[in-house]
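Starting from 1, each residue takes its place in the sequence as its number.
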Amino acid sequence: MVTGATVDGRRILDRVVATLGVLGLFAVLPFYVAAGLAAPLWAVVLLLAFWLALLTTAIRWFTRWPWPILAMPFVAAAVWWLAMTLGESLLGWQA
């Protein structure tokens with residue numbers, strides 16, 4: 001039997017988790033903006049478009065699927081790191 005308090009507690013936990021995920025996305029944003037110090041403009045535009053797509057998805061999923069939002073900052077950080085590393089080694093990007 002599910003009580004009202006359990007449902008409300010779960011809803012609060014879901015919102016906290018989703019909020020942490022969105023805040024994590026904003027924590028990664030300065031790295032995406034600073035990519036312009038080493039990456040060309042086209043790469044920065046693509047990276048920022050990817051970040052914006054993650055944010056848009058997080059906002060849409062906020063109440064329906066809050067738990068995957070928690071992974072989005074880690075995905076964003078991994079994509080940024082991979083893009084910068086491959087750009088430096090394969091395309092010769094330098095600060």
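- Between Y32 and L25, every side-chain heavy-atom pair lies at or beyond the 4.5 Å cut-off.
- Rounded to the nearest 0.5 Å, atoms CG (L47) and CH2 (W42) are 9.0 Å apart.
- A side chain to side chain contact (heavy atoms under 4.5 Å, CB included) with L29 holds for exactly one of L55, L52, L48; it is L48.
- Around atom CZ of F50, more than 12 heavy atoms belonging to other residues, nucleotides or ligands sit under 6.0 Å away.
- Rounding to the nearest 0.5 Å gives a distance of 11.5 Å between CE of M84 and CG of L82.
- From W65, atom CH2 reaches atom CG of D14 across 13.5 Å, with rounding to the nearest 0.5 Å.
- L23 and M72 are not part of a single hydrophobic cluster, where members link through side-chain heavy atoms under 4.5 Å apart.
- Each of V45 and V79 belongs to its own hydrophobic cluster when Ile, Leu, Val, Met, Phe, Trp and Tyr are linked at side-chain heavy-atom distances under 4.5 angstrom.
- Among all heavy-atom pairs drawn from A77 and V28, the shortest one is N-CG1, 4.1 Å.
- The CH2 atom of W93 sits 13.0 Å away from the CG atom of L37 when rounded to the nearest 0.5 Å.
- Rounded to the nearest 0.5 Å, atoms CH2 (W61) and CD1 (I59) are 13.0 Å apart.
- I69 places none of its side-chain heavy atoms less than 4.5 Å from the side chain of V17.
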